[in-house]
Number of protein chains: 2
Amino acid sequence: MGVQEVQACLDSAHQRCSESGLRLTQKREQILRLMLEAEAPLSPYEVVDLYNAQAEQNMPPNSAYRILDFLAEANLVHKLNSANKYIACSHIACSHPHSASQFLICSQCKTVKEVMMEPKLLKEIQKNVSSAGFKMRHPSVELECLCGECSES
Amino acid sequence: MGVQEVQACLDSAHQRCSESGLRLTQKREQILRLMLEAEAPLSPYEVVDLYNAQAEQNMPPNSAYRILDFLAEANLVHKLNSANKYIACSHIACSHPHSASQFLICSQCKTVKEVMMEPKLLKEIQKNVSSAGFKMRHPSVELECLCGECSES
DNA sequence: CTTCTAAATGATATGTTATATCATTGCACA
DNA sequence: TGTGCAATGATATAACATATCATTTAGAAG
């Protein structure tokens, strides 16, 4: 993601936060920037290492956990439960609303692709869920895959 | 699951393993029995504790990890990646083939319900995957939900 | 511009989960 | 009944996650 795009995301993030009364503090913004630039899923400890290397500071792990949780709550990053990692949302700067995401996770090289689910597909899944007496809490799906490159080799 | 059902699953598991050249050793069978009786997702360490309590032995954690991995490879238990837990497959003793599973995981009380996906639904998901150049490796889906009871309170 | 307050972050310790390495046991096969 | 490989055990330690309390900082109120 280019510098301008990152900046656009940060601006948009600031706006969305202030609209909903959330505080996008300096640290949180720094971490969000880092996630946007990474464009790959990062664990809290990886975030710590990256941040400390870049900022020559010493963020404790619990801060990284807290900040990532905040960003996930604010829908600025997604939590990939199956990998215990976080990845920047690829639609922060978009203005139009989005359907749920499918995360395709290559179990070999760990790249992640976020694709949209058709509303119809989401509805079908939710139908299964509700007929079992459950309610979906987080309309996203993580799938264990092989990416194009890895499935060739 | 009743005693007879558990036994039927174990018998079926033995047969399936010998057919495919896998060794369902005594330890592995004991762990599988334990998982079948539990009917709930268990972490490797929970398996260790249960086993040690029942058998008055002292299984090291790495053995539990290895055995659970084996059972998952053999499709006798499912690995729930989002929870890092394992749950006995609810269809070991069935003779007919099965479609992929949807695991509905209550994020509050942690109960899990395994429901089947209609082949049509699975196909749609796979279509999304392949049009992104990926291949599904494990046709199962874990969904963060609230169960009936928890969504009431 | 201060002062107050609550939220955010830091420091520290420790609990929990996962894995690496090597020794030992046990089962299949000759 | 040895022999060799797979399975398991023993041990240590790495990696991950969280709990608790101290400190700082940002925003509200005066």
Side-chain angles (χ1 to χ4, degrees), chain A residues 10 13-15 17-35 40-74 76-77 79-87 107 110, chain B residues 13-14 17-35 40-74 76-77 79-87 107 110:
Chain A
L10 291 176
H14 272 292
Q15 186 174 348
C17 281
S18 67
E19 278 169 6
S20 43
L22 299 173
R23 312 208 320 212
L24 186 54
T25 63
Q26 194 185 12
K27 281 274 155 63
R28 288 168 175 169
E29 183 190 317
Q30 288 172 338
I31 300 301
L32 177 56
R33 160 173 284 122
L34 189 151
M35 299 294 294
L42 297 175
S43 74
Y45 272 84
E46 288 170 335
V47 166
V48 163
D49 291 343
L50 261 177
Y51 179 84
N52 289 346
Q54 290 183 5
E56 308 218 6
Q57 280 190 275
N58 210 318
M59 175 176 287
N62 56 356
S63 287
Y65 279 91
R66 284 185 292 220
I67 290 173
L68 289 169
D69 277 347
F70 168 86
L71 294 173
E73 281 292 318
L76 298 170
V77 307
K79 181 172 186 180
L80 300 175
N81 287 307
S82 61
N84 285 318
K85 297 197 175 187
Y86 297 80
I87 189 168
S107 43
K110 310 297 180 190
Chain B
H14 272 291
C17 282
S18 67
E19 278 168 7
S20 43
L22 299 173
R23 311 211 316 215
L24 186 54
T25 63
Q26 193 185 12
K27 281 274 155 64
R28 288 167 174 171
E29 183 189 318
Q30 288 172 338
I31 300 301
L32 177 56
R33 162 174 282 124
L34 190 152
M35 299 294 295
L42 297 176
S43 74
Y45 273 85
E46 288 169 335
V47 166
V48 164
D49 290 343
L50 260 177
Y51 179 83
N52 289 347
Q54 290 182 6
E56 308 219 5
Q57 281 191 275
N58 211 321
M59 174 176 287
N62 55 355
S63 287
Y65 279 90
R66 284 186 290 222
I67 289 173
L68 288 169
D69 277 347
F70 168 86
L71 294 174
E73 281 294 317
L76 298 170
V77 306
K79 182 171 186 180
L80 299 175
N81 287 306
S82 61
N84 286 316
K85 297 197 176 187
Y86 297 79
I87 188 167
S107 43
K110 310 298 178 189

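Only heavy atoms go into these numbers, but all of them, side chains included; no hydrogens, no water, no symmetry mates. Reminder, nothing fancy here: chain letters follow the sequence lines and each chain counts from 1.
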Which residue pairs pass the salt bridge (Lys or Arg N to Asp or Glu O under 4.0 Å) test with at least one member in residues 53-71 of chain B, sequence neighbours excluded? none
Between C1' on dA7(D) and CG on Leu71(B), what's the gap in Å once rounded to a whole number? 13 Å
Specify the separation, in whole Å, of atom CD of Gln30(A) and atom P of dT25(D). 13 Å
Looking at DNA chain C, which of residues 62-70 of chain B put a heavy atom within less than 4.0 Å of it? Asn62(B), Tyr65(B)
Within residues 21-35 of chain A or reaching into it, pairs that qualify as salt bridge (Lys or Arg N to Asp or Glu O under 4.0 Å) - sequence neighbours excluded: Glu29(A)-Arg33(A)
Could you state the CD-P distance from Glu29(B) to dA7(D), rounded to the nearest angstrom? 16 Å
Whole-Å distance separating the OH atom of Tyr86(A) from the C1' atom of dC16(D): 12 Å
If I take atom NE2 in residue His14(A) and atom P in nucleotide dA26(D), what distance separates them, rounded to the nearest angstrom? 13 Å
Rounding to an integer number of Å, can you tell me how far Leu42(A) CG sits from dA17(D) P? 13 Å
Contact list please: residues 43-61 of chain A against DNA chain C, heavy atoms, distance less than 4.0 Å, in numerical order. Asn58(A), Pro60(A)
Tell me the closest heavy-atom pair linking Val48(A) and Pro61(A), and the distance in Å. CG2-CA, 4.0 Å
When rounded to the nearest 0.5 angstrom, what is the spacing between CG in Leu42(A) and CG in Asn84(A)? 13.5 Å
Quick one: NZ on Lys79(A) to CD1 on Ile87(A), what's the gap to the nearest 0.5 Å? 15.0 Å
Whole angstrom is fine here: how far is it from CD in Glu73(A) over to C1' in dA7(C)? 16 Å
Could you give the CG-to-C1' distance, from Leu24(B) to dT8(D), as a whole number of Å? 15 Å
Listed by chain and number, what are the salt bridge (Lys or Arg N to Asp or Glu O under 4.0 Å) partners of Glu46(A), not counting sequence neighbours? Lys85(A)
With the criterion being N/O to N/O and under 3.5 Å, what pairs connect the protein with nucleotides 24-30 of chain C, and how long is each?
none

Counting neighbours of CD on Glu73(A) that are heavy atoms of other residues, nucleotides or ligands and sit closer than 6.0 Å, is the number greater than 12? no
Just to confirm, is there a sub-4.0 Å distance from OP1 or OP2 of dT25(D) to any side-chain nitrogen or oxygen of Lys27(A)? no
Evaluate whether atom CD of Gln26(A) has more than 12 neighbouring non-hydrogen atoms of other residues, nucleotides or ligands under 6.0 angstrom away. no
In Leu71(A), Leu76(A), Val77(A), Leu50(A), the residue satisfying side chain to side chain contact (heavy atoms under 4.5 Å, CB included) with Ile31(A) is Leu71(A)
Supply the atom-to-atom distance Met35(A) CE to Leu68(A) CG, rounded to the nearest 0.5 angstrom. 5.5 Å
With distance as the sole test, does Asn81(B) use its side chain to make a donor-acceptor pair with the main-chain N or O of Ala83(A) at under 3.5 Å? no
